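Accompanying notes for the structure given below.
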Number of protein chains: 2
Amino acid sequence: MLYDTLRQYITEYSLQSITEEEFALIKEAFKPKRLRRHQYFLQEGDVCRYMGFITGGAMRQYSVDANGHEHILRLGIENWWMGDYESFKMLTPSKYNVDAVEDTELLQISNDRIQELKAVIPALKRMIEVMDERSSIASQRRLHAAISYSAEERYTEMQSTYPALLRRFPQTMIASYLGITPETLSRIKRQLLGKKSKIS
Amino acid sequence: MLYDTLRQYITEYSLQSITEEEFALIKEAFKPKRLRRHQYFLQEGDVCRYMGFITGGAMRQYSVDANGHEHILRLGIENWWMGDYESFKMLTPSKYNVDAVEDTELLQISNDRIQELKAVIPALKRMIEVMDERSSIASQRRLHAAISYSAEERYTEMQSTYPALLRRFPQTMIASYLGITPETLSRIKRQLLGKKSKIS
DNA sequence: TAATTGGCTTGACATAGATCAAGTTCTTTT
DNA sequence: AAAAGAACTTGATCTATGTCAAGCCAATTA
């Protein structure tokens with residue numbers, strides 16, 4: 001049921017299995033939560049007290065700049081974690097908003113509880129370590145792309161890295177994630193179609 | 001002497017002290033290395049087998065794109081770690097070069113040895129966990145800046161976040177780090193001087 | 001001291017991508 | 001079925017930043 005994907009996720013990332021007692025602790029600590037489309041999970045200025053493990057639906061993390069433009073930092077779907085990690089860890093007010101792009105259900109856990117669980121469930125501790133490593137690496141890659149690549153290159157890279165996200169989110173959001181306007185993304189797509197047809 | 005700053009660094013990050021026996025292990029595992037200005041620590045295509053803890057000098061990590069342009073991803077000075085973490089962790093060929101910007105001395109450790117040490121020195125393990133957390137957060141911040149801010153905003157943010165780097169590296173490299181050309185950085189600085197004088 | 005070099009600035013021009021404004025298509029709601 | 005509204009496209013312009021070229025200054029080397 002609901003918690004099985006989480007259990008599988010932990011096993012997969014930690015490469016360790018968890019006992020039934022441990023699983024019971026997890027089920028008790030992670031609370032199910034439903035979000036309607038457009039509903040906030042976190043608002044700018046609040047401390048991110050929970051991280052959510054998405055079991056169904058789609059979410060985004062974004063900031064709003066001085067001109068009212070949104071900049072999407074992260075997109076997430078089933079089996080992804082969502083929340084502002086910086087705020088969650090440091091207990092500082094978040095610079096970001098997190099909301100649901102589709103009706104979403106997730107399992108949320110508080111900072112306190114995850115600390116307690118880490119202490120008693122080795123697999124969970126290991127999972128978090130691995131996630132930190134990977135997220136550090138993923139951010140570095142995306143930074144590299146943002147600094148070094150053109151908009152078109154970033155789009156094609158996204159096509160190969162996260163095809164699922166491309167299909168799932170409206171292009172306005174994909175554009176924002178790539179750091180460009182929807183108009184530019186539209187034109188890029190047309191250009192790429194032209195190129196493709198020449199190749200094949 | 002040479003290893004004291006490393007010891008202090010570990011204590012500071014892990015919030016744990018290390019015993020003399022542990023320190024002896026560390027001294028044996030971390031090998032001192034000297035690099036002349038412009039000398040490579042890592043070249044694109046090689047696997048990053050060592051991470052370096054800089055005890056003196058200045059280094060940079062950068063990629064070279066199809067047009068021969070360099071893009072600096074990270075700058076490092078005393079008390080910073082340097083190397084390509086992705087390649088080091090995953091044992092994959094690196095997309096980056098790492099070299100010395102000044103004559104540099106560092107303490108280097110191999111992947112194998114750090115794994116062994118992590119298993120027997122809790123403080124070291126904890127230090128790495130904390131570093132992963134923070135680097136994950138720092139990358140996210142920089143990504144946010146790269147996507148959301150103008151060149152000028154990124155520069156002023158860098159002024160407040162890493163003043164030491166600004167003083168230490170030539171502006172060509174600062175520009176590359178910010179993802180702009182040296183010419184643009186030069187013009188931005190002039191504009192900012194104008195603004196400042198108006199304020200005061 | 002002269003020569004060389006690397007780093008910085010400045011100007012003129014080029015361009016990727018943004019902005020603004022319409023118009024189209026496809027859903028969703030009523 | 002009508003109406004409203006997303007999401008996307010397209011065109012015309014604008015702007016931040018890049019590119020190319022020249023010159024200057026300071027530091028290092030001969």
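What you see is a predicted model; the values in this text were computed from it and never measured. Quick note on labels: first sequence line is chain A, next is B, and so on, each numbered from 1.
Atom CD in A:Gln171 sits about 12 Å away from atom P in D:dT10, given to the nearest Å. D:dG18 atom P lies 13 Å from atom CG of B:Asp65, rounded to whole Å. One can place OH of A:Tyr155 at 10 Å from P of D:dC8, the figure rounded to the nearest angstrom. C:dA16 atom C1' lies 10 Å from atom CD of A:Gln191, rounded to whole Å. Residue A:Glu102 contributes atom CD, which lies 12 Å from atom P of D:dA7 at whole-angstrom precision. In this structure, A:Leu166 atom CG and D:dA7 atom C1' are separated by 16 Å, rounded to whole Å. The NZ atom of B:Lys189 sits 17 Å away from the P atom of D:dT17 (whole-angstrom rounding). A:Met173 has its CE atom 7 Å from the P atom of D:dA7, to the nearest Å.
Within a 6.0 Å radius of OH in B:Tyr155, more than 12 heavy atoms belonging to other residues, nucleotides or ligands are found. More than 12 heavy-atom neighbours from other residues, nucleotides or ligands sit within 6.0 angstrom of CZ on B:Arg126.
A:Arg190 has a side-chain polar atom (N or O) that falls below the 4.0 Å cut-off from OP1 or OP2 of D:dT10.
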If a protein heavy atom is under 4.0 Å from the base, mark B; if only from the sugar-phosphate, S; if neither, -; do that for nucleotides 17-24 of chain C going 5' to 3'. SSBB----
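Taking the centre and axis of the six-membered ring of A:Tyr3, the NZ or CZ atom of A:Arg7 falls outside the cone set by 45° and 6.0 Å.
A side-chain donor from one of A:His71 and A:Asp65 sits under 3.5 Å from a side-chain acceptor of the other.
When the nucleotides D:dC8, C:dG7, C:dT9 are ranked by their closest atom to the side chain of B:Ser186, C:dT9 comes out on top.
Between A:Pro182 and A:Thr172, the shortest heavy-atom contact is CG-CG2, 3.9 Å.
B:Met1 has its side chain within reach of B:Lys27: a pair of non-hydrogen atoms, C-beta onward, lies under 4.5 Å apart.
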